[in-house]
> 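Quick one: the structure is below, and I'll ask about it shortly.
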Amino acid sequence: MTNKAYNAFETAQAQFDKVAEFLNLDQSTSELLRNPLREYHFSIPVRMDDGSVNVFRGFRVQHNDARGPAKGGIRFHPQETINTVRALSMWMTWKCAVVDIPLGGGKGGVICDPHNLSPREQELLCRGWIRQIVKNVGPVSDVPAPDVMTNAQHMLWMLDEYEAITGGKYPGFITGKPVGMGGSLGRTEATGYGVIFTVREALKEMGIRPEDTTASVQGFGNVAQYAIQLYNQLGGKVVCVSCWDQNEKTAYSYKKLSGVNLQELQDITDKFGGIDKGKAIGLGYEVLPGEAWIEQDVDILIPAALENEINAESVTKIKERVKIVAEGANGPTTPEADEVLHKRNIFVIPDFLANAGGVTCSYFEQVQCNMNFYWEKDEVLGKLDTKMTSAFIAVSELARKKNLYMRDAAYVIAIDRVAKACRSRGWV
Ligand code: NAD
């Protein structure tokens with residue numbers, strides 16, 4: 001989103017075209033899947049606190065719903081574009097398909113900066129978003145969720161507006177709600193834990209014990225912290241984490257060869273995932289430039305911050321010893337860097353598989369809401385482990401059998417499942 005020339009949708013279509021060719025998809029199936037089924041563009045007038053009316057632009061894209069209701073977040077971002085929303089909705093289709101949950105792909109957005117909106121204005125924007133799209137979303141058609149700069153409160157306002165208009169209680173209409181208001185236990189841990197479930201399986205295949213490995217992590221937010229927690233529980237040691245320093249407007253890496261202490265770092269981290277540099281130095285951490293996380297002599301790299309961080313330049317810094325790159329973030333690897341990882345035979349667990357724990361748990365949230373019966377945390381995390389593990393095994397078995405790169409194998413499974421659903425419905 002920072003690079004205006006970068007068109008995420010073209011990238012998503014190029015990735016799709018490559019796999020469509022491999023799968024020998026017929027012309028009509030390809031045409032159907034390389035574009036969204038539906039997209040909605042709308043205006044949302046909001047009466048601002050000063051009495052004026054601002055008109056915001058909103059989007060919802062439903063890329064595909066052959067396997068179930070569309071599923072995907074709503075982003076609030078000043079540089080939101082329809083092409084980004086299209087790409088993300090397509091990636092959601094593949095993510096839901098690769099973990100085999102009965103959902104399709106969708107994504108929504110509003111061009112706005114919530115930092116400049118009062119809570120009242122944000123509430124009106126959320127309610128306005130629903131009013132414009134209410135006929136085209138719902139618990140059995142399209143289920144939104146929080147995403148960039150939207151949170152549980154935004155989801156509750158949206159749910160409330162939806163229920164006020166439709167006249168019923170439909171907690172399964174939206175996910176990412178707080179626990180006690182229809183949210184699922186385990187959602188906070190889900191994405192980070194999901195990353196490590198896949199890392200654990202990859203290590204098993206390689207015949208390596210987690211307790212004999214070390215890792216370096218980019219990011220110290222939701223995904224990174226829970227990934228580190230579970231990895232530590234398996235016996236692994238994280239020697240370096242990096243995060244953004246809001247005061248200095250730059251990133252730093254924090255290194256401790258004896259292993260970073262998750263709890264002590266969490267105690268000095270703000271709610272945006274920024275570590276207090278001064279306090280970290282006091283605790284004996286070596287402070288390095290932000291990019292240093294990638295050049296550590298470790299077995300596993302976990303990018304869990306931003307897109308495009310493993311690029312043509314940074315990829316050259318990856319040490320010989322690295323065996324696994326587990327993509328916690330969305331799109332952390334550029335296509336050029338991906339080729340290098342492939343050539344170097346590094347085992348890549350691609351983003352839409354590695355970080356699918358979040359949407360899988362959102363699916364569990366929806367299921368619990370629809371039943372109006374909520375599971376214990378252990379039950380949620382146990383079911384998550386089962387889903388992530390079987391998805392990982394299916395992808396890695398195909399990769400081995402057909403001699404495919406892991407990312408390509410994941411795409412092949414996902415696209416094939418969606419294409420089959422379209423065909424069996426008689427759409428193509
Ligand atoms: P978050 O906002 O909780 O944390 C982001 C972290 O990245 C913070 O620690 C921040 O300091 C760090 N960061 C920002 N810029 C950095 C830089 N230049 N160098 C190093 N660190 C930097 O976000 P999150 O929810 O943990 O999400 C992280 C990634 O995972 C994103 O790509 C997101 O799209 C993806 N993802 C998240 C979920 C989820 O459930 N949270 C699900 C799927 C994918």
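No experiment lies behind these values; they were computed from the predicted model shown. For ligands, and for the atoms within them, numbers begin at 1 and follow the listed sequence.
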> Tell me which part of N330 gets within contact of ligand 1: side chain, backbone, both or neither, using heavy atoms under 4.0 Å.
both

> Checking a contact table here: which protein heavy atom is nearest atom 29 (C) of ligand 1, and how many Å away?
A305 O, 3.5 Å

> Is the shortest side-chain N to carboxylate O distance from R131 to E161 below 4.0 Å?
yes

> Under the salt bridge (Lys or Arg N to Asp or Glu O under 4.0 Å) rule, what do E123 and R120 come out as? Steps first, then yes or no, please.
CA-CA 5 Å; E123 177 176 350; R120 182 193 149 276; over 6 Å; no

> Per the side-chain contact (heavy atoms from CB on, under 4.5 Å) rule, which among L103, V99, T191, V380 passes with T360?
V99

> Between ligand 1 and G290, can you find any atom pair, the residue atom being a heavy atom, that is separated by under 4.0 Å?
no

> Counting non-hydrogen protein atoms only, what is the nearest one to atom 3 (O) of ligand 1? Give residue, atom name and distance.
N222 N, 3.0 Å

> Say whether A224, considering both its backbone and side-chain N or O atoms, lies within less than 3.5 Å of an N or O atom on ligand 1.
no

> Does this structure show an ion pair linking D100 with R67, if we count only N-O contacts that are shorter than 4.0 Å?
yes

> Which residue from G221, G219, A145, A190 reaches closest to atom 1 (P) of ligand 1 through any of its heavy atoms?
G221

> So, for atom 27 (O) of ligand 1, does the protein have a heavy atom nearer than 4.0 Å?
yes

> Can an N or O of G274 be found at a distance shorter than 3.5 Å from an N or O of ligand 1?
no

> Is there a nitrogen or oxygen of W244 sitting under 3.5 Å from a nitrogen or oxygen of ligand 1?
yes

> Checking a contact table here: which protein heavy atom is nearest atom 37 (C) of ligand 1, and how many Å away?
V223 CG2, 3.5 Å

> So is A251 polar-close to ligand 1, meaning N/O to N/O under 3.5 Å?
no

> Any nitrogen or oxygen of N355, side chain or backbone, less than 3.5 Å from one on ligand 1?
no

> Would you confirm whether the ring centroid of H154 sits within less than 6.0 angstrom of the ring centroid of W129?
no

> With R60 as the cation and Y40 as the aromatic partner, state whether NZ or CZ is under 6.0 Å from the six-membered ring centre and within 45° of the axis.
no

> Among all residues two or more places apart in sequence or in another chain, which pass the ring-ring contact (aromatic ring centres under 6.0 Å, His included) test with Y363?
none

> As an exercise, identify every atom of ligand 1 less than 4.0 angstrom from a heavy atom of R187.
40 (O)

> Look at the aromatic rings of F392 and F347 and report parallel, tilted or perpendicular, splitting at 30° and 60°.
tilted

> Hey, is K277 close enough to D245 for a salt bridge, meaning N to O under 4.0 Å?
no

> Among all protein heavy atoms, pick out the one at the shortest distance from atom 39 (C) of ligand 1; state its residue, atom name and that distance to 0.1 Å.
T191 OG1, 3.4 Å

> So for ligand 1, is F220 a polar contact partner (N or O within less than 3.5 Å, distance only)?
yes

> Do the side chains of L353 and V395 get nearer than 4.5 Å, heavy atoms only?
yes

> I'd like to check which ligand 1 atoms, numbered from 1 as shown, lie under 4.0 Å from a non-hydrogen atom of A329.
29 (C), 30 (O), 32 (O), 35 (C)

> Look at K237 together with E211 and state whether they make a salt bridge at an N to O cut-off of under 4.0 Å.
no

> Using a heavy-atom cut-off of under 4.0 Å, does the side chain or the backbone of Q218 touch ligand 1, or both, or neither?
side chain

> Looking only at protein heavy atoms, which one is nearest to atom 15 (N) of ligand 1, and what is the separation?
L306 CD1, 3.6 Å

> Look at atom 20 (C) of ligand 1 and say which protein heavy atom is nearest, naming residue and atom and giving the distance to 0.1 Å.
S242 OG, 3.3 Å

> Tell me whether W293 reaches ligand 1 (any heavy atom closer than 4.0 angstrom to a ligand atom).
no

> Would K95 pass as a cation-pi partner of F352, given that its NZ or CZ must be under 6.0 Å from the six-membered ring centre and within 45 degrees of the axis?
no

> Do R127 and D160 sit within salt-bridge range, that is, some charged N less than 4.0 Å from a carboxylate O?
yes

> What is the nearest protein non-hydrogen atom to atom 21 (N) of ligand 1, stated with its residue, atom name and distance?
C243 CA, 3.3 Å

> Can you pull out the closest protein heavy atom to atom 2 (O) of ligand 1? Residue, atom name and distance to 0.1 Å, please.
F272 O, 4.5 Å

